[in-house]
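Beneath this line is the structure, given in structure tokens, with notes to follow.
The basis for the numbers below is simple: all heavy atoms, side chains too, and nothing from hydrogens, waters or symmetry mates. So you know, we letter chains A, B, ... as the sequences are listed, proteins then strands, and number each from 1.
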Amino acid sequence: MSEAQVVTRFAPSPTGHLHVGGARTALFNWALARSLGGRFLLRIEDTDQARSSEEATRGILEDLAWLGIEWDEGPTLTLPDGRSLGGDPRGVGPFFQSERRAGYDAAVQALLDRDLAYPAFETGDELDALRREAREQKRNFRYRRPADFDREAALARAAGGEEHVVRFRMPERALRFADQILGEVHFEEEQLDDFVVRKRDGFPTYHLAVVVDDEAMGVSHVLRGQEHLNNTPRHRALQEALGYREPVYAHLPVIFNADGSKMSKRDKDKAARSAVKEGLASDEARLRAQVGDAVDPGSLERWLGDKKSQLPDSQLGALQEALALDLPGIEVEDFRRGGYLPEVLVNFLALLGWSPGEKEDDGRDKERFEPAYLAERFHLERVGRGNARFDRKKLLAFNQETLAALDDAHFLSLWDAWCTRYAPKAGGRLGARAELFAAAIKPRSGTLADPTDPAGPGAFVFAANEAFPFDEKAVAKFLRKGEPNGLEQLAAFRETVAGLDPFAPDTIEAAASAFAEARGIGMGKIAQPLRVAVTGSSASPGLGETLALVGREAVLARIDRCLRECA
RNA sequence: GUCCCCAUCGUCUAGUGGUCUAGGACUCCGCCCUUUCAAGGCGGCAACACGGGUUCGAGUCCCGUUGGGGACGCCA
């Protein structure tokens, strides 16, 4: 491998689904590597034994692959199309930190040998007490090796098997580094302390592992969230102590919710919790039944009682499903389930902190682009410094626009795939009407979930003839008002419907138009009553499409029902 | 509290000392089209946080204030 090779990495900890913030970090790392002709690698930071899980790892890999953020090196994943991602062509793996213990131990030993690190024996409780005390005295708690520290004795205690952590001796001087996005960043010596590099359980801390791995894997550019900015001096000091190369650093602004709060999975718990409480208050028995075994009663109580607690992903998901909750999208999977297209999410995420700085031919800013464009044009110089809010409305607008531009067949196949995964009961009921459905519903859909949404533009197609509700206002306005009123027009048009052949959009339109002309009425006088009778509301796709989608028999049944119930 | 970072329409942003009476997108509002809705077309509302400098000239440079965010773990 050449020294000049550009290598970027995304290094998530497998503690849950991929968050959109993490997805953006991964995306920018990927784009940076692609634009510079480098390699993008994926590493799993699973040094936290208590919180990491294999399930979460798999979920993250799948989320990334779905977005099209493909890694050149890292854990392997076989795609639906048979291709395989990851692998270890340069021989720098393994890519799970839990499997790289030897390297960390060697680094820690090297530091220990040169008195650049030392064993420390305080327990977590003792440190907590010290921190509390410092806080009460309104001063900062900094761990520094005492002046009278007895190195030999400490080493001997550690060698004797006494439980301890290893702390790195932070240089007693100010540190600075050049950030590619923020510029020069400096930290005063008083801010820095002797941080832990090896935990009591023998695992390295994040700081040690990330530095050792980045060096071993030849990572040239570290692009990560701004929450890591304060960690950088630690990493720089460690690199100097270990004689490592210095990577290029760049820290990305944070992503927020529309209301300015930090985007967090807690938002979902919060929304779910208030929905459950509401349900409990209005009809407890019904809610309990709905929740069923999605969440066991004990956990549910605890979760309801503690505003800060979170339900495990699987339980929250089950709850969402059981109650048909509309939770705020936080994770990539939420948007996939919500019917967003991966390239649209990528486009939108890219705009959160990056902009092409280019105009379209009509003078508008370039902001709609494909992932390939990003891979080619991405530059660190064009990454912004301010935090960005996640505007779901704009994302939805992008998605709708993209869906509308799809040809009907393509839309249909994407919608089919979405149904297979998220709404198996809804798909496959259309048969020969599928193409007509796509043509009518596509331009009215913001997401792939809209066609099957009970309140969506396609709901009338799936409605049961005898069960859907009639909109009161529409009934009053279009069926009961006027002389003759809509009901009378409907009754008269019923004959036309019964005799129409073929029963297709254009013949229906023509028949309705002829009917209106023959009676000397406006098209609206027959179209609107028909809409209300057939869909329950006054808004639907074109009249011909609407009736054809419902089908002759159902249209007749619905007209009859309407005549009966709305008179 | 301490340290670090940030600051253009409600939101995402363009803007790198004069071409800025600040441009685009989303949202919102109006009009047109029209058998409804959606789409589309046209138009509108709306911002350089504040105060000092530097300069012939500041959205653009410097300082301060205010506001926002992040970090302060044997989490990552």
Side-chain angles (χ1 to χ4, degrees), chain A residues 11-13 15 45-48 50-52 120 122-124 127-128 131 134-135 137-142 164-167 179 182-183 185-188 190-193 195-201 203 205-207 209-210 224-233 251 253-254 256 258 260 262 348 351-360 362-368 384-398 400-401 404 440-446 457 474 478 509 512-513 516 522-528 530-532 535 537-543 546:
Chain A
S13 61
T15 54
E45 310 221 327
D46 57 349
T47 52
D48 185 343
R51 298 198 303 160
S52 298
E122 294 83 0
T123 64
L127 290 170
D128 284 348
R131 287 197 183 94
R135 196 174 188 75
Q137 293 172 18
K138 293 194 186 253
R139 66 185 167 75
N140 245 356
F141 174 72
R142 299 279 140 194
H164 65 283
V165 300
V166 176
R167 284 181 184 270
D179 186 282
L182 301 173
V185 182
H186 3 212
F187 292 85
E188 299 307 314
E190 306 82 63
Q191 287 307 309
L192 283 6
D193 72 348
F195 58 95
V196 173
V197 288
R198 186 161 66 198
K199 304 181 235 181
R200 189 166 295 257
D201 64 7
F203 274 81
T205 57
Y206 162 72
H207 304 299
V210 77
R224 55 180 16 169
Q226 238 174 59
E227 64 270 22
H228 285 294
L229 193 60
N230 299 45
N231 292 330
T232 309
H251 289 89
V254 184
F256 294 105
K262 191 182 177 190
F348 182 73
L351 255 14
L352 256 33
W354 181 79
S355 68
E358 198 183 352
K359 302 256 186 230
E360 299 282 11
D362 62 5
R364 299 182 172 194
D365 290 358
K366 171 101 178 163
E367 64 171 12
R368 297 305 316 274
R385 285 171 301 220
N387 296 151
R389 298 187 191 205
F390 192 93
D391 181 1
R392 291 180 172 79
K393 283 191 172 166
K394 186 159 180 171
L395 171 63
L396 181 62
F398 275 20
Q400 170 150 20
E401 192 181 300
I441 302 307
K442 183 188 74 176
R444 293 169 177 78
S445 294
F478 297 113
E509 287 280 346
S513 173
M523 182 71 167
K525 292 281 190 237
I526 182 59
Q528 291 309 81
L530 275 168
R531 281 203 166 82
V532 177
T535 73
S537 96
S538 58
S540 84
L543 185 66
T546 300

- Under 3.5 Å side-chain donor-acceptor pair for A:Ser540 and A:Thr546: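 Yes, because at least one side-chain N or O of A:Ser540 sits under 3.5 Å from a partner of the opposite role on A:Thr546.
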Taking atom types as they are modelled, would you say the side chain of A:Asn140 forms a donor-acceptor pair with the base of B:G1 within the 3.5 Å cutoff? yes
Is A:Arg385 side chain donor-acceptor paired with the B:C6 base, going by distance under 3.5 Å alone?
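It does not, because no donor-acceptor pair links the side chain of A:Arg385 to the base of B:C6 below 3.5 Å.
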Legend entry - Qualifying residues under side-chain contact (heavy atoms from CB on, under 4.5 Å), relative to A:Thr232, sequence neighbours excluded: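 Only A:Phe177, A:Arg224, A:Arg236, A:Tyr249, A:His251 meet the side-chain contact (heavy atoms from CB on, under 4.5 Å) criterion with A:Thr232.
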side-chain contact (heavy atoms from CB on, under 4.5 Å) filter on A:Glu509, not counting sequence neighbours, yields A:Met523, A:Leu543
Ring of A:Phe141, cation from A:Arg135 - is the NZ or CZ under 6.0 Å from the centre and inside 45° of the axis?
no
Taking B:U35, B:A39, B:C3 as options, the one with an atom nearest any side-chain atom of A:Asn230 is B:C3
Discussion item. Of the listed nucleotides (B:C4, B:C74, B:U36), which one gets closest to any side-chain atom of A:Phe187?
Written reply: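 Minimum distance to the A:Phe187 side chain belongs to B:C4.
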Self-check item: Contacts of A:Asn230 that satisfy side-chain hydrogen bond (donor to acceptor under 3.5 Å, both in side chains) - sequence neighbours left out
Solution: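 A:Asn230 satisfies side-chain hydrogen bond (donor to acceptor under 3.5 Å, both in side chains) with no residue once adjacent residues are dropped.
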Using a 4.5 Å cut-off on heavy atoms from C-beta on, say whether the side chain of A:Pro457 contacts that of A:Ser445. yes
Could I get a table of every N or O pair under 3.5 Å where one atom is in the protein and the other is in nucleotides 24-32 of chain B?
unit_1, atom_1, unit_2, atom_2, d
B:G24, O2', A:Asp365, N, 3.0
B:A25, OP1, A:Arg364, NE, 3.0
B:A25, OP1, A:Arg364, NH1, 3.0
B:A25, OP1, A:Arg364, NH2, 3.2
B:A25, O4', A:Glu367, OE2, 3.1
B:A25, O2', A:Glu367, OE2, 2.2
B:A25, N3, A:Lys394, NZ, 3.0
B:C26, O2', A:Lys394, N, 3.2

Could you list, one pair per line, each protein nitrogen or oxygen that sits under 3.5 Å from a nitrogen or oxygen of nucleotides 61-64 of chain B, together with the distance?
none

Atom pairs under 3.5 Å, N or O on each side, protein against nucleotides 44-48 of chain B: can you list them with distances?
none

